[in-house]
Amino acid sequence: MLTATVLVDMIGFGIVLPLLPFYAESMGASPLEVTLLVASFSAMQLVAAPYWGRVSDRRGRKPLIVAGLFASAVSYLIFGLADTLPLLFVSRMAAGAAGGTISVAQAYVADTTGAEDRARGLGLIGAAAGLGVMVGPAIGGFFSRWGLGAPGFVAAGLCAANAVAAIVLLGESRPAPVRGGAAAGEAATVRGWIGALLRYPLSLLLVVYFLSISSFAALTSTLALYAERAFGIGAQTMGVVFTVSGGVTVLVRGVLLGWSVRRFGEPRTVRAGAASLALALLAVPLIPSAWWLGLPAVLYAMGAGTLFPALASLVSRATDEHSQGAILGGSQFIGGLGRVAGPVWAGLLFQQRGIETPFRVGAACVFLAFLLAFRISRPGLRAASSTGAVRARDVAV
């Protein structure tokens, strides 16, 4: 049920995302205002994720997931009703704040899976999110014939229906006796939360995550610009490239990730993912024609599909059971910083130092992450709680 909940939520996100620039321009937005509108979502998500995670440790996962879905429905309703640019900003900021519940979904998986299956469970969440982002734009494009605001109403309806279904069908992964122990967790206070993020091994895992996610964001934000200048290809071809990479990511996270972690463990899976992502970045400036764009697309999809869920699993396993939401929220905060910083430094290098430079710098960053990943040791396995064993079925599709 949780996987279905994330899928529908991300379909709503994907419905409005491709239409956003055109909707904003119809209200008189400049290119800078369009980019700020996109950034406002990530900025609010970055701020909200740690808060959502910490509250869910105390209040339970289900109420926060339901609240996030209803908040998303309201944000998309505002999107559909918006007739001014400030109101559109409000809708995107509200959607970003609601999107911070991804850390709660990850904590739910941590609650309901054993250590050996955690990476696979987190991979299924990622696969559902990727599939939703793939399906959503097609739905949004269909309903845009009735106006650019119309897809917002569709997304709002989906999220509201999803919230109602979650109330009825989604079980609570963190019962009251366990929630009562949150005050004793290592992240019970802000000071304790920061201290936990800075201590080994979490500090090492988060450095690897930041280097990798910022380089990944740099790649995806400049690949289309590079392809246009190097090969003269347009949006339609790049749409195919990104669709292929999205499909590979869904396949890797949904099918191959669990096998890889069981066979090789999370640390080796992290290293393999980092190596694949570094090769993708190195390959972009070396490909001779547009026909070869599929190679880096597949490589970075495989890298992202294995690296990030395995890192999230290691973060979860390095955290006490009372602080899962708070620490995973902190991980999402670091990831948000990387997703904001990556496109910024990549854009500056692209403009000032040449179109190939961002990919070479990104490859160097990921190679450093690859080397640091050799310091990651597999943590001791924690036995799944009886509650987790009973409720593990809620993670399945």
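For reference, positions follow the sequence shown, starting with 1. Everything numeric here is computed off the predicted structure, so don't read it as measured data.
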Sequence neighbours excluded, the answer for side-chain hydrogen bond (donor to acceptor under 3.5 Å, both in side chains) partners of Ser91 is none
Is there a side-chain contact between Tyr300 and Ser276 in this structure, where contact means two heavy atoms from C-beta onward sitting under 4.5 Å apart? no
Side-chain heavy atoms of Met27 within contact of Asp83, under 4.5 Å: no
If you compare all heavy atoms of Trp345 against all heavy atoms of Pro358, which two are closest, and at what distance to 0.1 Å? CZ3-O, 3.8 Å
Fellow cluster residues of Ile78, listed by chain then number, with links counted only when side-chain atoms sit under 4.5 Å apart: Val74, Leu87, Val90
For residues Tyr226 and Leu349: do they belong to one hydrophobic cluster (side chain heavy atoms under 4.5 Å, members Ile, Leu, Val, Met, Phe, Trp, Tyr)? no
When the side chains of residues 139-152 are checked against the rest of the protein, which donor-acceptor pairs come out under 3.5 Å, sequence neighbours left out?
unit_1, atom_1, unit_2, atom_2, d
Ser144, OG, Gly141, O, 2.7
Arg145, NE, Phe142, O, 3.0

Supply the atom-to-atom distance Arg92 CZ to Tyr76 OH, rounded to the nearest 0.5 angstrom. 6.0 Å
Determine, step by step, whether Tyr23 and Phe79 satisfy the ring-ring contact (aromatic ring centres under 6.0 Å, His included) criterion, reporting the C-alpha distance in whole Å, the side-chain angles of both residues, the deciding distance to 0.1 Å, and the verdict. CA-CA 10 Å; Tyr23 200 26; Phe79 180 95; 4.8 Å; yes
With clusters defined by side-chain heavy atoms of hydrophobic residues (ILVMFWY) lying less than 4.5 Å apart, directly or transitively, does Leu204 cluster with Val315? yes
Does Leu286 have any side-chain contact (heavy atoms from CB on, under 4.5 Å) partners at least two apart in sequence or in another chain, and if so, which? none
With a 4.5 Å cut-off on side-chain heavy atoms, are Pro267 and Phe374 touching? no
ILVMFWY network linking Val154 to Phe70, side-chain heavy atoms under 4.5 angstrom: no
Less than 4.5 Å apart, any side-chain heavy atom of Ser215 and any of Leu281? yes
Inter-residue atom distance Ile65.CD1 - Asn162.CG, 0.5 Å rounding: 10.0 Å
Kindly write out the residues that satisfy side-chain contact (heavy atoms from CB on, under 4.5 Å) with Gln351, not counting sequence neighbours, or none if the list is empty. none
Is any side-chain heavy atom of Phe216 less than 4.5 Å from a side-chain heavy atom of Ser212? no
Residues forming a ring-ring contact (aromatic ring centres under 6.0 Å, His included) with Phe210, sequence neighbours excluded: none
Single-linkage hydrophobic cluster Leu372~Val361, side-chain heavy atoms < 4.5 angstrom: no
At their closest point, which heavy atom of Val284 faces which heavy atom of Ile287, and how far apart are they? O-CG1, 3.2 Å
All heavy atoms of Gly338 vs all of Ala217, minimum pair found to be O-CB, 4.1 Å
Are any non-hydrogen side-chain atoms of Leu282 and Phe359 less than 4.5 angstrom apart? no
Run the side-chain contact (heavy atoms from CB on, under 4.5 Å) test against Leu81 and tell me which residues pass, sequence neighbours left out. Leu77, Phe153
Can you name the one residue among Val248, Val250, Thr249 that meets side chain to side chain contact (heavy atoms under 4.5 Å, CB included) with Val252? Val248
Check salt bridge (charged side-chain N to carboxylate O under 4.0 Å, His left out) between Arg375 and all other residues, then give those that pass, not counting sequence neighbours. none
Work out which heavy atom in Ala73 is nearest to a heavy atom in Ala160; give both atom names and the distance. CB-N, 3.8 Å
Could you give the distance from OG1 (Thr269) to CZ (Arg263), rounded to the nearest 0.5 Å? 11.0 Å
Applying side-chain contact (heavy atoms from CB on, under 4.5 Å), can you list everything that pairs with Leu279, at least two apart in sequence or on another chain? Leu299
Quick one: does Leu293's side chain get under 4.5 Å of Leu223's, heavy atoms only? yes
Taking only distance into account, with no hydrogens and no angle test, what donor-acceptor pairs under 3.5 Å do side-chain atoms of residues 126-133 form with protein atoms, sequence neighbours excluded?
none

Nearest heavy-atom contact between Tyr108 and Leu170 is OH-CD1, 3.5 Å
For the atom pair CD (Glu266) and CG (Leu314), what is the distance rounded to the nearest 0.5 Å? 5.0 Å
At their closest point, which heavy atom of Val66 faces which heavy atom of Ala166, and how far apart are they? CG2-CB, 4.0 Å
Measure the spacing between CG of Leu206 and CD1 of Ile213 and express it to the nearest 0.5 Å. 12.5 Å
Do the ring centers of Trp259 and Phe264 come within less than 6.0 Å of each other? yes
Please check: side-chain N/O of Ser260 versus main-chain N/O of Leu257, any donor-acceptor pairing under 3.5 Å? no
Is there a path of hydrophobic side-chain contacts, each under 4.5 Å between heavy atoms of I/L/V/M/F/W/Y residues, joining Tyr200 to Ile334? yes
Is any side-chain heavy atom of Phe89 closer than 4.5 Å to one of Pro86? no
Show me the side-chain donor-acceptor pairs of residues 302-309 shorter than 3.5 Å, one per line, residues at least two apart or across chains.
unit_1, atom_1, unit_2, atom_2, d
Thr306, OG1, Met302, O, 2.9
Thr306, OG1, Gly303, O, 3.2

Please tabulate, for side-chain N and O atoms in residues 362-370, each donor-acceptor pair with protein atoms closer than 3.5 Å (sequence neighbours left out).
none

Rounded to the nearest 0.5 Å, what separates atom CZ in Arg271 from atom CD1 in Ile376? 7.5 Å
